[in-house]
Amino acid sequence: MKTPSPVASAKFVLQLPKAELHLHIEGSLEPELMLSLASKHGIDLPYRTLEDIRAAYQFDDLQSFLDLYYLGAGVLMDEQDFYDLMWCYLCRCREENILHTEMMFDPQTHTDRGIALETVINGFTRAMDDAKTGWQQSSALIMCFLRHLPEEEALRTLEQAMPYKDRILAVGLDSSEAGNPPGKFQRVFKRAAEAGFFRVAHAGEEGPAQYIRDALILLDVQRIDHGVRCVDDPTLVDELASTKVPLTICPLSNVRLCVYDHMKQHPVLDLLDRGLRVTVNSDDPSYFGGYLCDNFNALGTSLGMTEQQAVQLARNSFEASFLAQETKQKFLSLL
Ligand code: HPA
Ligand code: ZN
């Protein structure tokens, strides 16, 4: 008889080569950097100490988080700030054996405060280039449109980004989901596809399963961010299993934003075992209490994730990436 695969230990998770595909770089802003940038720029935050900040990170839902996330992002002013933010996360990738990362950023959060897109992109890409030179860190950017704003503003953002097209891999859709369906952004996603960008969208985090279908059909996305509400639509689950459209699932985020009361209720391993191409990600690690390994380890502790399941999740993370086939194979061969 075959011995069952053991529960994956923290050591096992750490040494596993992984890709992270759902990480908002602004959501990796640690309280220490937030306070030091606020002081550097003379910005008045409603927090005085690290403890004040950490105490504020209690969320009831997505919107209660977004309010603090946009407030925190307000300390990012000059190119060096964007560099430092990116550098800290890429160093974390090195520590956690995250060999490739596709990171989201929200240009409108910065341009609406009068920061030039050039400042944002130059800071980010300089850090990405240094990490590539330093330890061959593989990384790419996904430019997200804020769905609570009108499509016209997303269209303008896409136009502004065209000079940096070769530094942006994909476009995405984030921010307040309820009441902002994918169909609102059909034109901008069509234009992005014509310009050669890959496409992803947050769907089925707080919004209904129908938003997942809409994102696939109306926005022609190649990946769904979150997507956990697919469980409400068994036909959709079967379709996701057969088409292998990836879901970038963020377990700690879902618990912290009260999508689930407890990690024990999370469907990620059920979906994995049903053959969906699910991946594990950290979303906004500084706000949700953990980076990528913490997310894997929470599945070990609460759901008994086995080594075999952890390896499959790591395999999925490379398969679901937008890397060229040859590069994917190179990473997959390490597993
Ligand atoms: N959902 C939607 N928008 C976001 C998130 C999220 O989890 N994180 C940052 N922007
Ligand atoms: Zn997200």
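Along the sequence shown, residues are numbered consecutively beginning with 1. FYI, side chains are in, hydrogens and waters are out, and symmetry mates aren't considered; it's all heavy atoms of this structure. When a ligand or atom number is given, it counts from 1 through the structure's own listing order. Note that this is a predicted model, so its numbers are computed, not measured.
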What protein heavy atom sits nearest [atom], and how far off is it?
atom	value
atom 10 (N) of ligand 1	H24 CE1, 3.5 Å
atom 8 (N) of ligand 1	D284 OD2, 2.7 Å
atom 1 (N) of ligand 1	E205 OE1, 2.9 Å

Exercise for the section: Look at the rings of F65 and Y69 and say which category their plane angle falls in: under 30° parallel, 30 to 60° tilted, over 60° perpendicular. Expected result: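 Tilted: the ring planes of F65 and Y69 meet at 30° to 60°.
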Exercise for the section: Give me the ring orientation class for Y287 and F59: parallel if the planes are under 30° apart, tilted from 30 to 60°, perpendicular past 60°. Expected result: tilted
Handout entry: Stacked cation flag R191 on F197, 6.0 angstrom / 45 deg
Key =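 No - R191 does not lie over the ring of F197 by the 6.0 Å and 45° rule.
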Practice task
Answer yes or no on whether R199 is positioned over the face of F189, meaning its NZ or CZ is under 6.0 Å from the six-membered ring centre and within 45° of the axis.
Solution key: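 Pair R199/F189 does not count as cation-pi.
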Backbone or side chain, does [X] get an N/O/S atom under 2.8 Å to the Zn ion (ligand 2)?
X	result
H22	yes
C250	no
E205	no

Exercise for the section: May I ask whether S175 has any heavy atom positioned less than 4.0 angstrom from an atom of ligand 1? Expected result: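 It does; at least one heavy atom falls under 4.0 Å.
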Practice task
Take every heavy atom of H226, measure it against each atom of ligand 1, and state whether any distance is under 4.0 Å.
Solution key: yes
Problem - Of all N/O/S atoms in H24, the name of the one nearest the Zn ion (ligand 2) - result: NE2
Problem - Name of the D283 atom (N/O/S only) found closest to the Zn ion (ligand 2) - result: OD1
Problem - Hydrophobic cluster membership, M77 vs Y47, 4.5 Å side-chain cutoff - result: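 Looking at the clustering, Y47 is in the same group as M77.
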Exercise for the section: Starting from the C-alpha separation in whole Å, work towards a yes-or-no answer on salt bridge (charged side-chain N to carboxylate O under 4.0 Å, His left out) for R229 and D232. Expected result: CA-CA 6 Å; R229 294 259 53 94; D232 300 333; 2.8 Å; yes
Practice task
Give the single entry among L146, L62, D106, D283 that approaches atom 7 (O) of ligand 1 most closely by any heavy atom.
Solution key: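 Minimum heavy-atom distance to atom 7 (O) of ligand 1 goes to D283.
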Handout entry: Test ring-ring contact (aromatic ring centres under 6.0 Å, His included) applied to F124 and F105, Y83, Y164, the passing residue
Key = F105
Handout entry: Proximity of E26 to ligand 1 by residue part, where a heavy atom lies under 4.0 Å
Key = neither
Handout entry: Neighbour count above 12 (heavy atom, 6.0 Å) for E194 CD
Key = yes
